[in-house]
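Whatever order the structure lists ligands and atoms in, that order sets their numbers, starting from 1.
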Amino acid sequence: MMNIGFLASHTGSNMQAIIDACKVGDLQASPVLLISNNRDSGALVRAKEEGIPYCCINGKTHPNPEELDQAILDVMLEHVVDIIVLAGYMKKLGPKTLSHFVGRILNIHPSLLPKFGGKGMYGMHVHEAVITSGETESGVSIHLVDAEYDTGPIIAQSRVPVKTKDTPEALAARVLQREHTFFAETLQKIVTGEIMLPTKQEGNETV
Ligand code: GAR
């Protein structure tokens, strides 16, 4: 079984969709941990309700960035995490966690990267920018995580139409609905070997 450790900052609906896919057997994996940087996040409430170990680690619990990085890595190792899933996590990861889990950290982003990614491009900002740009399609990207925002190698994408009279909220809801099935499907392809993640040797230490 692939042990999944989540990082999430807000609602945690993507985390929930993955947990649900595990419960019904669509995803052959075990959710073993949630770390949130936000002590008031819905994700923490969901993990508690699901009986999944959880904790809050952030700049208040660990003001020193190196110690924060080490704390995240230590908890992931303690729970024997195989793959880290960023499910709406709005912080960068530190070099120790990135290097230990090279090629084993995935993020979901609500656009067709490399379009509409990078600093400040999260949540509703992404969908507002997509509509303002006159795009006719948007979508979901799942990519490996590196030290920057949204720049790691893309491993899977799914397209979603942008409709003529879409509001950012309407587009966000359509994309999020796709995220909820696509993330678990992509993880299952990793489990079955249909999608191969880089081995530690192949992975760049900065990835
Ligand atoms: C999702 O739409 C995810 O793609 C996005 O945050 C939302 C989290 O929702 N992530 C980013 O924008 C990362 N750059 P959730 O908390 O309900 O899963």
**Student:** Looking at atom 17 (O) of ligand 1, what's its closest protein heavy atom, distance included?
**Tutor:**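 Checked against all protein heavy atoms, atom 17 (O) of ligand 1 sits closest to S13 OG, 2.5 Å.
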**Student:** Specify side chain, backbone, both or neither for L86, according to which of its non-hydrogen atoms lie closer than 4.0 Å to ligand 1.
**Tutor:**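 No part of L86 is near ligand 1 at this cut-off.
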**Student:** What atoms of ligand 1 come closer than 4.0 angstrom to any heavy atom of G12?
**Tutor:**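 Near G12, meaning under 4.0 Å from one of its heavy atoms, ligand 1 has 15 (P), 16 (O), 17 (O), 18 (O).
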**Student:** Compute the minimum heavy-atom distance from A8 to ligand 1 and say whether it is under 4.0 Å.
**Tutor:**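 Outside the 4.0 Å threshold, so no.
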**Student:** Any salt bridge linking K119 with E148? Criterion: basic side-chain nitrogen under 4.0 Å from a carboxylate oxygen.
**Tutor:**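 Between E148 and K119 there is no salt bridge, as every charged N stays at least 4.0 Å from the carboxylate O atoms.
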**Student:** Linking I/L/V/M/F/W/Y whenever their side-chain heavy atoms sit closer than 4.5 Å, directly or via other members, would I52 and M2 fall into one cluster?
**Tutor:**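 Shared cluster, yes.
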**Student:** Could you check V160, V162, T136, L112 and say which one makes a side-chain contact (heavy atoms from CB on, under 4.5 Å) with V130?
**Tutor:**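 Checked V160, V162, T136, L112 against V130; only one passes side-chain contact (heavy atoms from CB on, under 4.5 Å): V162.
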**Student:** What protein heavy atom sits nearest atom 1 (C) of ligand 1, and how far away is it?
**Tutor:**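 Going by distance alone, atom 1 (C) of ligand 1 is nearest to E179 OE1, 3.2 Å.
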**Student:** Does an N or O from V126, backbone or side chain, lie closer than 3.5 Å to an N or O of ligand 1?
**Tutor:**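 There is no such contact.
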**Student:** Within the 4.5 Å heavy-atom criterion, are N58 and H62 side-chain neighbours or not?
**Tutor:**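 No; the side chains remain at least 4.5 Å from each other.
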**Student:** Please report whether ligand 1 has a polar contact with Y122, defined as an N or O pair separated by less than 3.5 Å (distance criterion only).
**Tutor:**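 No - when backbone and side-chain N and O of Y122 are compared with those of ligand 1, no distance drops under 3.5 Å.
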**Student:** Of all the atoms in ligand 1, which lie at a distance below 4.0 Å from a heavy atom belonging to G123?
**Tutor:**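 In order of numbering, the contacting atoms are 12 (O).
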**Student:** Backbone N or O of K96 within a donor-acceptor pair of the H100 side chain at under 3.5 Å?
**Tutor:**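 Checking the backbone N and O of K96 against the side chain of H100, no donor-acceptor pair under 3.5 Å is found.
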**Student:** Mind running side chain to side chain contact (heavy atoms under 4.5 Å, CB included) on Y89 and I35 for me, showing each step along the way?
**Tutor:** CA-CA 10 Å; Y89 186 62; I35 300 174; 5.8 Å; no
**Student:** Which protein non-hydrogen atom lies closest to atom 18 (O) of ligand 1, naming both residue and atom, and how far is it?
**Tutor:**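 Of the protein heavy atoms, N14 N, 2.9 Å lies nearest.
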**Student:** Grouping I, L, V, M, F, W and Y whenever their side-chain heavy atoms are under 4.5 Å apart, do V32 and I105 come out in a common cluster?
**Tutor:**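 Yes; tracing contacts between hydrophobic side chains, which count when under 4.5 Å, links both residues.
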**Student:** Go through it in stages, so that I can follow the logic: the residues are E194 and Q188, the test is side-chain hydrogen bond (donor to acceptor under 3.5 Å, both in side chains), and I'd like the CA-CA distance, side-chain angles, deciding distance and then a yes or no.
**Tutor:** CA-CA 9 Å; E194 193 177 328; Q188 179 61 11; over 6 Å; no
**Student:** Please list the nearest protein heavy atom to atom 7 (C) of ligand 1 with its residue and the distance rounded to 0.1 Å.
**Tutor:**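 Checking every protein heavy atom, the shortest distance to atom 7 (C) of ligand 1 gives G88 CA, 4.4 Å.
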**Student:** State the atoms of ligand 1, each with its element, that fall below the 4.0 Å cut-off from a heavy-atom position in T11.
**Tutor:**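 Ligand 1 atoms under the 4.0 Å threshold to T11: 16 (O), 17 (O).
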**Student:** Taking the side chain as every heavy atom from C-beta outward, state whether H143 and L113 have any pair of such atoms under 4.5 Å apart.
**Tutor:**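 Yes, their side chains come closer than 4.5 Å.
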**Student:** Can you name the atoms of ligand 1, numbered from 1 with element, that are less than 4.0 Å from a heavy atom of M121?
**Tutor:**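 That gives atoms 14 (N) of ligand 1.
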**Student:** Does the N or O separation between M90 and ligand 1 drop below 3.5 Å for any pair?
**Tutor:**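 Checking ligand 1 against M90, no N or O pair falls under 3.5 Å apart.
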**Student:** Check each atom of ligand 1 against the heavy atoms of D150 and keep those under 4.0 Å away; list them by number with element.
**Tutor:**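 Matching atoms, with element in brackets: 14 (N).
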**Student:** Return the residue, atom name and 0.1 Å-rounded distance of the protein heavy atom closest to atom 14 (N) of ligand 1.
**Tutor:**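 Scanning the protein heavy atoms, the shortest distance from atom 14 (N) of ligand 1 goes to H109 ND1, 3.1 Å.
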**Student:** Answer with yes or no whether Q16 contacts ligand 1, where contact means a heavy atom under 4.0 Å from a ligand atom.
**Tutor:**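 The answer is no: ligand 1 sits nowhere under 4.0 Å from a heavy atom of Q16.
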**Student:** Could you note down all residue pairs passing salt bridge (charged side-chain N to carboxylate O under 4.0 Å, His left out) where residues 127-136 supplies at least one of them, sequence neighbours left out?
**Tutor:**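 Listed by first then second residue: K115-E135.
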**Student:** For ligand 1, is I108 a contact, meaning one of its heavy atoms is under 4.0 Å away?
**Tutor:**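 Flag set, I108 near ligand 1.
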**Student:** Would S13 and H180 count as a side-chain hydrogen bond (donor to acceptor under 3.5 Å, both in side chains) here? Give the steps.
**Tutor:** CA-CA 8 Å; S13 72; H180 289 165; 2.7 Å; yes
**Student:** Could you list the atoms of ligand 1 found under 4.0 angstrom from a heavy atom of L176?
**Tutor:**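 Result: 2 (O).
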**Student:** What about H10: any of its N or O atoms under 3.5 Å from an N or O on ligand 1?
**Tutor:**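 Such a contact does not occur with ligand 1.
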**Student:** Does the pair R174 and D166 meet the rule for a salt bridge (Lys or Arg N to Asp or Glu O under 4.0 Å), with working shown?
**Tutor:** CA-CA 10 Å; R174 194 176 309 119; D166 259 348; 2.7 Å; yes
**Student:** Do me a favour and list the nearest non-hydrogen protein atom to atom 5 (C) of ligand 1 with residue, atom name and distance?
**Tutor:**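 For atom 5 (C) of ligand 1, the nearest protein heavy atom is P110 CD, 3.9 Å.
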